[in-house]
J.: 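Below you will find the structure I want to go over with you.
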Amino acid sequence: MELITKKIKGTEDVLPKESYKWQFVEDIMRKEAQSYGFKEIRTPVFEHTNLFSRGVGQTTDVVQKEMYTFDTKGGESVTLRPEGTAGAARAVLEHGVLNEGLPVKASYFVSCYRYEKPQAGRLREFHQFGLEEYGTSDPVADAELICAAQSIFDRLQIRDIHLEINSIGCPRCRKEYHKALREYFGQYKDKLCETCLSRLEKNPMRILDCKSPEDKEIAKNAPKVTDYLCEECQEHFQQVKSYLDCAGVEYTVNPTIVRGLDYYTKTVFEFVTDYIGAQGTVCGGGRYDGLIEELGGKHVPSLGFAMGMERLLMLMEKQGIEIPAPSPCDLYIAPLGEEAKKKAFALVGKVRESGLFAETDVVSRGLRAQMKYADKIGARFSIVLGDDEITRGEAVVKNMETGQQTKISLNEDFITEFIDIHTEDVNRKVAGV
Ligand code: HAM
């Protein structure tokens with residue numbers, strides 16, 4: 001039989017046997033975010049298109065080339081979010097969260113959509129974990145945010161991931177820098193791609209992250225933003241670095257990092273690795289002091305980062321980092337006959353109520369097939385339940401690993417007896433016996 005369709009190019013499925021890896025990583029991120037005071041925000045997967053064209057920037061690759069934009073039946077232009085920052089900023093503004101005391105700290109897990117050429121580590125639907133903090137211009141906040149990303153990598157036992165930081169200044173120093181870039185790229189007008197030609201006047205900094213190989217080559221010798229920083233931005237950058245030194249976080253200053261989104265000001269940073277091929281940036285972020293104002297709010301200096309979940313998981317796999325397998329089924333009850341099936345159905349319910357994990361037959365299989373299934377799901381204990389057991393009100397629990405058999409009553413003592421047997425086994429394992 002031929003399938004009527006398959007997944008869309010550039011998308012990925014996470015299957016039941018793999019999802020525990022995502023859950024493990026997400027749990028660590030969630031805990032780490034909480035320990036820094038971040039609370040989760042959830043925003044819609046689509047937004048009015050102007051949020052991204054204004055927020056992310058008209059002249060960025062993301063807005064010019066990569067957005068999934070469509071008109072609704074009501075004639076509104078909407079866009080699947082290409083990233084999480086703009087939606088989170090819109091939501092905190094819209095709900096007056098920024099009037100309730102600053103700083104506001106929000107974390108998120110989002111799916112994102114970018115129409116890029118798919119390759120290893122570059123998808124059209126991908127997932128990000130991100131942190132956003134609103135209402136502080138203090139450089140210690142930049143350093144703290146970077147520490148949060150670093151501690152997530154540390155907790156996940158990721159090695160060889162390098163922090164690269166830069167400052168791209170504020171609108172004041174940007175003016176001078178833009179002038180220098182226009183002069184420099186102006187010499188290559190006949191060589192730049194069409195998109196970059198149009199950027200030359202409007203936003204020459206965007207030429208620096210063009211993906212065309214020819215433009216990349218030209219960009220190599222372009223003036224560096226760090227040579228154009230005003231005093232305040234220089235001082236801010238200096239302070240961020242000294243706080244990072246204080247926290248013992250290692251970094252390299254990379255003056256070529258400008259990031260591909262327009263909202264950034266001052267600090268920008270990326271965590272990069274050589275382990276996963278060309279798409280080696282696992283995390284990117286920085287300060288965006290003007291975004292809230294751009295979206296119609298007051299001046300609220302803010303900052304954040306996002307990590308690509310797929311790239312992170314790919315990196316962990318490449319580094320052979322073991323992710324603990326999910327806890328196996330504690331008890332499988334194999335019923336024989338209708339009466340036993342009802343009893344088993346009731347008993348697994350009790351086991352689940354006690355907080356343990358239990359299964360019974362739901363596909364009318366014979367005993368052999370049931371025991372094969374119990375093996376496959378790694379059940380720690382099993383019980384075979386037939387008419388005899390039901391008449392006697394007693395059955396035998398088998399430890400699937402050791403083969404040890406223990407009697408268990410099927411009346412109201414069932415749960416306490418099972419928990420005793422289970423706990424004994426857990427203790428035996430902890431003691432390494
Ligand atoms: P970004 O650098 O565009 O920044 O994306 C952040 C991370 O998402 C990247 O470092 C990468 O790991 C992952 N990523 C991006 N595009 C793809 C793709 N096509 N396929 C797979 N993974 C991808 C942002 O999105 C900003 N909103 C980050 C931020 C938050 N800045 C401040 N706050």
Side-chain angles (χ1 to χ4, degrees), residues 8-12 25 29 33 38 41 43 47 51-52 55-57 60-63 65-68 80-90 92 104-134 136 141-142 145-146 148-149 152-153 158 161-166 168 206 209 211 257-273 275-292 294 301-316:
I8 289 175
K9 190 173 165 188
T11 67
E12 272 177 6
V25 172
M29 290 170 163
F38 289 82
I41 186 167
T43 62
E47 298 272 1
L51 173 67
F52 302 114
V56 172
T60 57
D61 262 10
V62 168
V63 170
K65 302 181 185 165
E66 297 166 4
M67 293 209 302
Y68 281 88
L80 300 184
R81 65 176 161 228
E83 54 99 57
T85 308
R90 193 243 344 116
V92 293
V104 168
K105 298 179 180 183
S107 64
Y108 56 80
F109 289 96
V110 286
S111 57
C112 299
Y113 303 85
R114 294 186 194 174
Y115 196 80
E116 294 192 85
K117 199 161 181 248
Q119 62 181 86
R122 193 197 277 162
L123 292 156
R124 289 182 173 168
E125 183 192 64
F126 59 97
H127 297 80
Q128 288 184 342
F129 163 73
L131 297 182
E132 310 289 354
E133 181 165 2
Y134 310 94
T136 167
D142 308 41
L145 189 83
I146 291 172
I152 288 172
F153 295 133
I158 290 171
I161 186 156
H162 307 289
L163 169 63
E164 299 193 346
I165 60 171
N166 192 21
I168 58 168
R206 286 284 70 90
D209 48 63
K211 290 182 186 114
I257 294 182
V258 289
R259 310 276 301 131
L261 313 163
D262 267 355
Y263 44 64
Y264 291 110
T265 52
K266 295 186 177 164
T267 319
V268 286
F269 62 90
E270 290 181 347
F271 282 87
V272 290
T273 177
Y275 269 80
I276 51 173
Q279 305 305 313
T281 309
V282 178
C283 172
R287 190 165 263 293
Y288 49 89
D289 289 347
L291 179 65
I292 297 293
E294 184 70 31
S302 306
L303 62 161
F305 71 70
M307 299 181 175
M309 295 295 293
E310 285 84 358
R311 289 188 193 174
L312 192 72
L313 281 152
M314 214 157 94
L315 172 60
M316 289 177 73

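One-based numbering, in listed order, for ligands and for the atoms of each. Just so you know, these numbers use all the heavy atoms, side chains as well, and skip hydrogens, waters and symmetry mates. Worth saying up front: this structure is predicted, and the values here are computed from it rather than measured.
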J.: Identify, with sequence neighbours excluded, every residue that meets side-chain hydrogen bond (donor to acceptor under 3.5 Å, both in side chains) alongside Y108.
T.: E132
J.: Just by distance, do the side chain of R311 and the backbone of T281 share a donor-acceptor pair under 3.5 Å?
T.: yes
J.: List for me each residue that meets side-chain hydrogen bond (donor to acceptor under 3.5 Å, both in side chains) alongside R259, sequence neighbours excluded, and say none if there are none.
T.: Y264, E270
J.: Excluding sequence neighbours, so at least two apart, what forms ring pair (Phe, Tyr, Trp, His ring centres under 6.0 Å) with F129?
T.: F109
J.: Tell me, do L312 and M29 make a side-chain contact under 4.5 Å, heavy atoms counted?
T.: yes
J.: Apply salt bridge (Lys or Arg N to Asp or Glu O under 4.0 Å) to the pair R206 and D61, showing each step before the final yes or no.
T.: CA-CA 8 Å; R206 286 284 70 90; D61 262 10; over 6 Å; no
J.: Residues around ligand 1, heavy atom under 4.0 Å from any ligand atom, sorted by chain and number. Can you pull those?
T.: E83, T85, Y108, R114, E116, G121, R122, L123, F126, Q128, E132, R259, L261, Y263, Y264, T281, V282, C283, G284, G285, Y288, G304, F305, A306, G308, R311
